[in-house]
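For reference, the structure discussed in these notes is given below.
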Amino acid sequence: MDTIPLNYETLRFIWWLLLGILLIGFAVMDGFDLGVATLLPGVARTDQERRLVINVVGPVWEGNQVWLILGGGAIFAAFPALYAVSFSGFYLAMILILMALILRPVGFKFRSKLEKPAWRATWDWVLFAAGLVPALVFGVAMGNVLVGAPFRFDESLRTIYEGDLFGLLMPFPVLCGLVSVAMLATHGAGMLVIKTSGEIQARARRLGSLTALATAVLFALAGVWLALGVKGYQLVGALDHAGPSNPLAKQVEVAAGAWMSNYHAMPWTWIFPVLGVAAFLACAALLRAGRELPSFLASAVGIAAIILTEGVAVFPFMLPSSLDPRSSLTLWDASSSHMTLFIMLLATAVFLPIILAYTAWVYRVLRGKVGDDALTRNPNAY
């Protein structure tokens, strides 16, 4: 290991940061796809309008979903214990998300195969559900990270999960789910304002300003609830940041207000929750004022700030255990080996810039508004 230029502790922290970046990338890039689908019944009244809305995201959703694949792959390779617990324990929730994400391209492809109104209306509601369900479930999952998941390890480090799908639907995680739905709907409205005109754009501005205000209010409410009503997790004693990955080699206690300890220790981090509220309030005002790109960028900043707010609160935890706090996973005891993290970092340094460059090129090519003439000219339009 002496030949690796970065020590184990540093690599673990870098991959924690990269995982956060991938999560933000998914929420910002694929988030507006989910938001547009969620807003479909509210912004589009006629069949032609619904086609226009669908074609706003139709050409880009596959590329945007790469961020979800990258995130899942990063968890699998960098934090295998987290992958094992979350993807097995939250299995039914994951299946629900995957079913929704699978139905999305099916809806794009099949909706316009027949001209029957009932056929198209059915697929429109499928697309709506394919946007709403993942947005809600992802938010509920983030809420369950804060309250703790019902898993534990036995002495042989075998995972034992004692929860079910409905057990995840506790009041606080459901509130987090509503925050997620509102913020992604706002983000989707911002993209519709950029890419459409006329009545669709006007409706997107009105709905987006309302969901932006709802996001700010719900996020602030969740913050107060977290500070006053949700018990957090904290390490007891020292933990070797460069030691072997053994989740049971530590002591953890549950205490009221523990999730606020990082904010008290690092007051500068309050910028994230403040920015989360301020960005969505600004987004509401910008949408009302008809500022297209600034409103979209404001919602993107707000999404990043909300995710960073939770990241700061739970650090260094990645998935606390409500059954056995000692089994909680942290970035210091749930990672892959030193060599694995380093090789993955080299691969990321090569391929992530390529992905970013390709994404930028795609959006440059597809710049401009989607109008009736574009649907007429393009035989591949949905």
Side-chain angles (χ1 to χ4, degrees), residues 1-26 67 69-87 145 149 151 153 155-159 232-253 258-269 271-272 304 307-321 324-356:
M1 295 301 177
D2 293 338
T3 60
I4 298 178
L6 294 173
N7 62 46
Y8 202 8
E9 178 183 0
T10 301
L11 278 171
R12 281 169 160 169
F13 183 70
I14 288 173
W15 271 103
W16 179 81
L17 290 176
L18 285 173
L19 192 59
I21 291 171
L22 293 175
L23 180 58
I24 291 172
F26 168 68
W67 291 94
I69 299 170
L70 288 174
I75 294 174
F76 173 78
F79 298 101
L82 176 64
Y83 181 91
V85 173
S86 58
F87 279 70
V145 170
F151 74 94
F153 292 102
E155 293 304 319
S156 61
L157 295 184
R158 182 181 61 176
T159 306
Y233 294 70
Q234 57 189 18
L235 295 172
V236 179
L239 176 62
D240 186 0
H241 295 177
S245 292
N246 180 4
L248 298 181
K250 64 179 181 298
Q251 294 297 320
V252 177
E253 68 177 10
W259 286 144
M260 307 306 296
S261 59
N262 286 333
Y263 288 100
H264 297 319
M266 300 176 290
W268 63 270
T269 57
I271 190 175
F272 298 127
I307 293 173
L308 289 169
T309 296
E310 177 162 350
V312 171
V314 302
F315 182 85
F317 291 92
M318 303 189 78
L319 186 62
S321 169
D324 175 25
R326 189 170 67 118
S327 296
S328 300
L329 297 174
T330 75
L331 70 107
W332 311 124
D333 58 22
S335 73
S336 294
S337 68
H338 192 179
M339 180 64 74
T340 299
L341 294 182
F342 179 68
I343 293 174
M344 286 178 55
L345 184 61
L346 295 179
T348 302
V350 173
F351 290 107
L352 187 57
I354 296 174
I355 293 171
L356 292 173

Can you tell me how far apart OG (Ser328) and CZ (Phe151) are? Round to the nearest 0.5 Å.
5.5 Å
Which residues satisfy the side chain to side chain donor-acceptor pair (under 3.5 Å) test with Thr330, sequence neighbours excluded?
Asp333
Report the residues that fulfil side chain to side chain donor-acceptor pair (under 3.5 Å) with Asn7, sequence neighbours left out, ordered by chain and then residue number.
Thr10
Do Leu235 and Val252 have side chains that get closer than 4.5 Å, going by heavy atoms?
yes
Interatomic distance, Ile75 atom CD1 to Leu19 atom CG [nearest 0.5 angstrom]:
5.0 Å
Inter-residue atom distance His338.NE2 - Glu9.CD, 0.5 Å rounding
11.0 Å
Just jot down the side chain to side chain donor-acceptor pair (under 3.5 Å) partners of Ser327, sequence neighbours excluded, or say none.
Asp324
Mind listing the closest non-hydrogen atom pair of Arg326 and Leu248 along with its distance?
NH1-O, 3.0 Å
Under the ring pair (Phe, Tyr, Trp, His ring centres under 6.0 Å) test, residues paired with Tyr83 that sit two or more places apart:
Phe76, Phe87
Starting from the C-alpha separation in whole Å, work towards a yes-or-no answer on side-chain contact (heavy atoms from CB on, under 4.5 Å) for Ile14 and Phe342.
CA-CA 10 Å; Ile14 288 173; Phe342 179 68; over 6 Å; no
Sorted by chain and number, sequence neighbours left out, side chain to side chain donor-acceptor pair (under 3.5 Å) with Gln251 holds for none
Shortest non-hydrogen contact from Gly232 to Ala258?
C-CB, 3.4 Å
Leu341: which residues meet the side-chain contact (heavy atoms from CB on, under 4.5 Å) condition with it, sequence neighbours left out?
Tyr8, Leu11, Arg12, Trp15, Ala78, Ser335, Ser336
Heavy atoms only: give me the nearest Tyr233-Trp259 pair and the separation to one decimal.
CD1-CZ2, 3.5 Å
Residue set satisfying ring pair (Phe, Tyr, Trp, His ring centres under 6.0 Å) with Trp16, at least two apart, ordered chain then number -> Phe13, Phe315
Testing the basics here: between Pro353 and Thr348, what is the closest heavy-atom pair and its distance to 0.1 Å?
CD-O, 3.6 Å
Residues in ring pair (Phe, Tyr, Trp, His ring centres under 6.0 Å) contact with Phe351, at least two apart in sequence or another chain:
none
Using the test ring pair (Phe, Tyr, Trp, His ring centres under 6.0 Å), find all partners of Phe79 that sit at least two apart in sequence or belong to another chain.
none
Run the side-chain contact (heavy atoms from CB on, under 4.5 Å) check on Leu22 and Trp67 step by step: do they pass?
CA-CA 6 Å; Leu22 293 175; Trp67 291 94; 3.9 Å; yes
For residues Thr269 and Asn262, determine if any side-chain heavy atom of one lies less than 4.5 Å from a side-chain heavy atom of the other.
no
Provide the closest heavy-atom pair for Leu157 versus Pro247 in the form atom of the first, atom of the second, distance.
CD2-CD, 4.1 Å
Quick one: are Leu329 and Phe317 in side-chain contact, heavy atoms under 4.5 Å?
no
Verify the neighbour count for atom CG of Leu17: are there more than 12 heavy atoms of other residues, nucleotides or ligands below 6.0 Å?
yes
What residues form a side-chain contact (heavy atoms from CB on, under 4.5 Å) with Glu310, not counting sequence neighbours?
Met142, Val145, Leu146, Val314
So, using side-chain contact (heavy atoms from CB on, under 4.5 Å) as the criterion, who are the partners of Ser261 when residues are at least two apart?
none
Ile24: partners by side-chain contact (heavy atoms from CB on, under 4.5 Å), with sequence neighbours left out:
Val28, Ala304, Ile307, Leu308
